[in-house]
Novice: 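A single structure is presented below for examination.
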Amino acid sequence: MSRYNAAAVEPKWQAAWDAADIYTASKMDASKPSYYALEMFPYPSGKIHMGHVRNYAMGDVIARYKLAQGYRVLHPMGWDAFGMPAENAAMEHGVHPKGWTYENIDAMRAPLKRLGFALDWSREFATCDVAYYKQQQAIFVAFFENGLVYRKKAKVNWDPVDMTVLANEQVIDGKGWRSGAEIETRELDQWFFKITQYADELYYGLDALERWPDKVVTMQKNWIGRSEGLQFKFSFTKPVDSFDGIEVYTTRPDTIYGASFVALAYDHPLIKALTPDNADLQNFAKACEKMGNTAEAIEKAEKLGVDTGLRVQHPLDDSITLPVYAANFVLMGYGTGAVFGCPAHDQRDLDFARKYNLSVTPVVLPTGTKEENFLIENEAYTGPGTLFNSREFNGMDVSQSIGAAIETFENLGLGARQVQYRLRDWGVSRQRYWGAPIPIIYCEDTSCGEGGAVPVPVKDLPVELPADVVFEPDNPGNPLERHPTWKNVNCPNCGKPARRETDTLDTFADSSWYFARFAGGQGDGLPDDKPFDKEQASKWLPVDQYIGGVEHAVLHLLYARFFTRGLRDCGLLDLPSGEPFAGLFTQGMVTHETYKNENGDWVNPDDIADGKQISNGQAITVGAIEKMSKSKKNVVDPNEIIAGYGADVARWFVLSDSPPERDVEWTESGVIGAWRFANKVWDMVAETSDHQNPMSVASGADGDALALRKFAHKVAERVTTGIEGFRFNTSVSAIYELTNAIRKYKTNDAARAEALGILIRMITPFMPHLAEECWSHMGGDGLVSVAAWPVADPDLLREDNVTLPVQVNGKRRSEITVAKNADKQSCEALAMADEKVIASIGDKAVRKVIVVPGRIINIVVS
RNA sequence: GCGGGUGUGGCGGAAUUGGUAGACGCGCCAGAUUUAGGUUCUGGUAUCGAGAGAUGUGGAAGUUCGAGUCUUCUCACCCGUACCA
């Protein structure tokens, strides 16, 4: 037999696809229905890894399947190319971020092409292309003009050594992840996108996303954190300078009669006003600022506070007064930065009350509990129940009393219903070079523009990154800031001296609209005078199927949902729902065993033979199965797999066995299995020498030939539903079964040709090169990549006879074969006559016989 | 703590309206062919039992003629999140 030679076959068909130009959306018949398949575009680190292979292989199955079904498919590829690693490389190796990035892109494009994905490369771009960030700046200006961008002072994590702002994720135990320096909190002018303007829409829009994983929807809902409650004001018992009360927010206004104190954040304006004259508050503020914000620190942190000496009146009974505390568990960033404490029904408040000997008055009685038996000790009761100790609310159920309490406050003019969000506006200023410059000019005349901030007129865009910047490892900071001339400009408004904003945009902005630019191509290219063609983009969007890692469940996917709404409201995009991705799939990771030697060092699998490390002979221990990562040395390089086994084998492997949403473990034996399968398919086709048309239909077949046809059509049905349901592993196993069936069927006749034709077309989305080679060998017309998807013939799916299991008391004892439409009586008669059934029943009495036509027969005896 | 998810052979996993549990692949066992080297082919492979048979989907209970699937409780692991008022 002849071995399938992937190394020779794969480039041949890739060239054929290129020559026929079959994956370019603009070349496809515009009258066909359109389908937009997209995988999250890669960061050009320089190397593709197995995670990429799996991600793009999944998208490719969808794209090729839809192509075969007659859709006009857009399946583009590009590069998420701005970001820190390029600047780190610049500092460490003295290279320019731009050169480093474009070299990496070239290094990654080649293996992606070798994998044979059905990608439309005509729309390729990198987010660091001037043409791209020029349009991103235009979007920024449009957002600015539509009130979606503003500037404010904000607290940031400032690294005094690297001289930059760090994201929260980059602060580890209060120290900078790179410099190790103690991080300071600074107030800096920062640009913000007004994502909170869409908080409600972003929240409720999630409910319409039926083809999103529940998990992601839940995570986004939690992130947006919508809550409904009451905001009202406590009045002081004695006047306080320049404050006429304390605004608090609560979701439990029903527990107002259980209130025993009011607590404010240490940085609440009222506390700040009191602090200069109060040593206790000064110490307290220092302690609060020091307190870590790691999960562990918060867990352990004791509920602490300082009595301010101020007292407020109970809003519904001014004879009751409550003490006012500064407390470390109240956050200025949420609600009003002030709360009332109801210790009986909130654990945090209870801990605090016990510490400072404040009263605990229960006001919610759990259903079925007697008042005299209900005691709050060290556990607050947060469950449902009936109000008591609450005057006008007594006897109400918690669920109705919340609304009643809000109404009471509103009627008395004391407060109002209020919706709160956890979501904050998106700070986009980064003190970095390798990003899109924020297109703002600060005029020396602060009456110009908005406080001197003037957006760069669209005609003056792009604000291009200067090439001549210096990266000094000892002087990190922002090279744009250090550039001798770049920031010096004249105000576009009034011509007075001005300076450029030297901050660049958060790179999450880059990935928030790239899918629209892909979709908004015109003719052969992407427009240079606008972000995207409105008509084209509106036609393709939303993306029909988006695929990527679950690590983007919140930030990227939320920012993109914000951007499409902003683009819509700026009139740039016609997308009423505002939703960029109609279907989302989050795929699992590619994992691999890890290995350690006697020193406890990670060992590369290549360096292991017979349980010993080749380079030094040390014994190897097999560790946990983990995500492939350089640090754990458990990475398998896709290039080596492609070179050794071929792209098809790599693709087939990452899609078989594990369900797509779960992790798949890369194993050598699994790869060999995939490789053997590819060879089996090729052998079957290769021995078919008389070139029967793979599109043929063996309509006259009977006997074994008919059985094979029926089976092939059944498998076609299963493979199709597997792909539709994102269960590629089940499609793969169905394909295996068909392969086994064809191999057992020895006759080289029309039925076999038909079954092979179905098989080849079904493996096309998974192993397109092998499929083309087989198709060509069989004498199929044109390219199988554009051949029609096999549709099961309903006549062949229908079975005339069925085998029914016969149970006695729920245990399977025998089986009978009956006509599909046999009536209950005849089924029962046949079952009762079965020898094994008779033996099982013995001398027991038959109580009941259940016949489920086409399914099962169960005989109940006793 | 809260939210979400997952638990099925030696392993990855099938079983999508409650109806033959273990498809398919890997591994393993036996045989055949070939033989130097990622062969190929045939058969077998949940567990206990010689056998008939019994048991079996993390555990316990329940609903049902019938439960991997539904209900309640419970255990383990994974992911997300964190003083959100």
Side-chain angles (χ1 to χ4, degrees), chain A residues 1 3 213-219 221-223 225-227 229-231 248-253 255 263 265 291 293-299 301-303 327-331 333-342 346-349 351-352 420-423 550-551 553-554 588 644-645 653 656-659 661-665 667-677 679-680 683 718 721-722 725 727 729-740 743 803-815 839 847-852 854-861:
Chain A
M1 87 186 198
R3 274 241 167 114
D214 293 344
K215 181 176 157 175
V216 175
V217 169
T218 308
M219 282 166 75
K221 282 196 168 177
N222 290 342
W223 186 266
R226 187 181 193 280
S227 73
L230 170 73
Q231 187 166 322
V248 298
Y249 173 74
T250 180
T251 54
R252 292 294 303 273
T255 64
M291 195 177 75
N293 49 2
T294 62
E296 211 186 348
I298 290 164
E299 185 97 5
E302 204 178 348
K303 306 285 174 273
N328 65 350
F329 62 84
V330 182
L331 306 175
Y334 186 79
T336 61
V339 299
F340 78 79
C342 175
D346 183 296
Q347 190 58 43
R348 217 181 32 193
D349 296 346
D351 294 346
F352 191 78
Q420 279 291 341
Y421 301 95
R422 204 189 84 109
L423 184 71
V550 75
E551 65 273 19
V554 177
Y645 298 95
F653 177 81
S656 35
D657 288 353
S658 288
E661 70 277 11
R662 271 195 234 172
D663 293 350
V664 62
E665 190 198 346
T667 61
E668 188 68 14
S669 57
V671 180
I672 292 168
W675 180 81
R676 277 206 290 254
F677 174 69
N679 277 289
K680 272 185 196 174
D683 288 347
R718 285 166 59 196
T721 53
R727 296 189 312 271
N729 55 322
T730 63
S731 297
V732 164
S733 58
I735 290 171
Y736 272 119
E737 285 183 56
L738 179 56
T739 307
N740 291 342
R743 277 155 55 83
T803 302
L804 298 184
V806 182
Q807 297 182 333
V808 177
N809 279 354
K811 297 218 158 82
R812 183 182 171 280
R813 296 298 175 184
S814 185
E815 58 187 33
R847 298 256 163 219
K848 200 174 177 186
V849 178
I850 290 132
V851 179
V852 184
R855 284 286 189 188
I856 204 164
I857 297 160
N858 191 14
I859 299 161
V860 185
V861 301

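From a predicted model like this one, the values you see are computed outputs, not experimental measurements. Order of the sequence lines sets the chain letters (A, B, ...), proteins ahead of strands, with each chain counted from 1.
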Novice: For Val852(A), report the nucleic acid contact type (base, sugar-phosphate, nothing); a contact means any heavy atom under 4.0 Å.
Specialist: base

Novice: With rounding to whole Å, what would you report as the distance between G12(B) and A61(B) at their C1' atoms?
Specialist: 32 Å

Novice: Look up atom CZ in Arg727(A) and atom CD in Glu661(A), then write down how far apart they are to the nearest 0.5 Å.
Specialist: 9.5 Å

Novice: Taking for each residue the nucleotide of RNA chain B bearing the nearest heavy atom, is the 5' side occupied by Thr667(A) or by Val339(A)?
Specialist: Thr667(A)

Novice: Given A82(B), C24(B), G19(B), identify the nucleotide with an atom nearest to the side chain of Ile850(A).
Specialist: G19(B)

Novice: The side chain of Ile856(A) is closest to which nucleotide in this list: U6(B), U20(B), A85(B)?
Specialist: U20(B)

Novice: Tell me which nucleotide, if any, is Watson-Crick or G-U wobble paired with G51(B) when both distances must be under 3.5 Å.
Specialist: none

Novice: For G9(B), is chi within 90° of 0 (syn) or not (anti)?
Specialist: syn

Novice: Could you tell me which nucleotide pairs with G68(B) by Watson-Crick or G-U wobble geometry, both distances under 3.5 Å, or answer none if nothing does?
Specialist: none

Novice: Look at the side chain of Ser658(A) and decide which nucleotide, out of G3(B), G12(B), C24(B), has an atom nearest to it.
Specialist: G12(B)

Novice: Which residue, Tyr249(A) or Val664(A), contacts RNA chain B at a nucleotide closer to its 5' end, judged by nearest heavy atom?
Specialist: Val664(A)

Novice: Base, sugar-phosphate, or nothing for Asn740(A), non-hydrogen atoms under 4.0 angstrom?
Specialist: sugar-phosphate

Novice: Just compare C83(B), A82(B), C65(B) and give me whichever is closest to any side-chain atom of Lys848(A).
Specialist: C65(B)

Novice: Could you work out the separation of C70(B) and A14(B) based on their P atoms and round it to a whole Å?
Specialist: 16 Å

Novice: Within the structure shown, what part of the strands sits under 4.0 Å from Arg718(A) by heavy-atom distance: base, sugar-phosphate, or nothing?
Specialist: nothing

Novice: Measure from the side chain of Arg812(A), starting at C-beta and using heavy atoms only, and say which of A85(B), U20(B), C24(B) lies closest.
Specialist: U20(B)

Novice: On a whole-Å scale, what distance lies between the P atoms belonging to A23(B) and A15(B)?
Specialist: 13 Å

Novice: Given the C1' atoms of U57(B) and A21(B), what is the spacing between them in whole Å?
Specialist: 8 Å

Novice: Hey, could you give me the CZ/CG distance between Arg813(A) and Asn858(A), rounded to the nearest 0.5 Å?
Specialist: 11.0 Å

Novice: Can you tell me which nucleotide in A85(B), A14(B), C65(B) comes closest to the side chain of Thr730(A)?
Specialist: A14(B)

Novice: For the side chain of Arg422(A), counting heavy atoms from C-beta on, which of A82(B), A21(B), A85(B) is nearest?
Specialist: A82(B)

Novice: Counting distance alone, no hydrogens or angles: does the base of U17(B) have a donor or acceptor under 3.5 Å from a partner atom on the side chain of Arg855(A)?
Specialist: yes

Novice: Test for a donor-acceptor pair under 3.5 Å between the base of C79(B) and the side chain of Lys215(A), counting only N and O atoms.
Specialist: no

Novice: Looking at every strand, decide which applies to Ser656(A) at a 4.0 Å heavy-atom threshold: base, sugar-phosphate, or nothing.
Specialist: nothing

Novice: Please pick, from U81(B), A85(B), G13(B), the nucleotide with the shortest atom-to-atom distance to any side-chain atom of Pro659(A).
Specialist: G13(B)

Novice: Which nucleotide, if any, forms a Watson-Crick or G-U wobble pair with C28(B), using both distances under 3.5 Å?
Specialist: G44(B)

Novice: Under 4.0 Å, counting only non-hydrogen atoms across every strand here, what does Arg743(A) touch: a base, just sugar-phosphate, or nothing?
Specialist: sugar-phosphate

Novice: Checking all strands, does Lys811(A) fall into the base, sugar-phosphate, or nothing category for heavy-atom contacts under 4.0 angstrom?
Specialist: sugar-phosphate

Novice: Categorize Arg847(A) for me: base, sugar-phosphate, or nothing, with a 4.0 angstrom heavy-atom threshold over every strand shown.
Specialist: nothing

Novice: G68(B) and U55(B): how far apart are their P atoms, nearest whole angstrom?
Specialist: 13 Å

Novice: Mind checking Asn858(A) for me? I need base, sugar-phosphate or nothing, with any heavy atom below 4.0 Å counting as a touch.
Specialist: base

Novice: Consider the side chain of Tyr736(A), meaning its heavy atoms from C-beta on, and name the nucleotide among C84(B), G7(B), C24(B) that approaches it most closely.
Specialist: C24(B)

Novice: Using atom P of each nucleotide, how far apart are A52(B) and U35(B) to the nearest Å?
Specialist: 42 Å

Novice: Would you indicate which nucleotide in G53(B), G12(B), C83(B) comes nearest to any side-chain atom of Asp657(A)?
Specialist: G12(B)

Novice: Arg662(A) side chain N/O closer than 4.0 Å to the phosphate oxygens (OP1, OP2) of G13(B)?
Specialist: yes

Novice: Will you find, in the side chains of Ser227(A) and Tyr249(A), an N or O donor that is under 3.5 Å from an N or O acceptor?
Specialist: yes

Novice: What integer number of Å spans the P atoms of G56(B) and G10(B)?
Specialist: 16 Å

Novice: Roughly how many Å is it from CD in Gln347(A) to P in C84(B), rounded to a whole number?
Specialist: 11 Å

Novice: Base, sugar-phosphate, or nothing: which does Val732(A) touch, judged by heavy atoms less than 4.0 Å apart?
Specialist: nothing

Novice: With rounding to the closest Å, how many angstrom separate the C1' atoms on A46(B) and G22(B)?
Specialist: 7 Å

Novice: Do Arg727(A) side-chain and U16(B) base share a donor-acceptor contact under 3.5 Å?
Specialist: yes

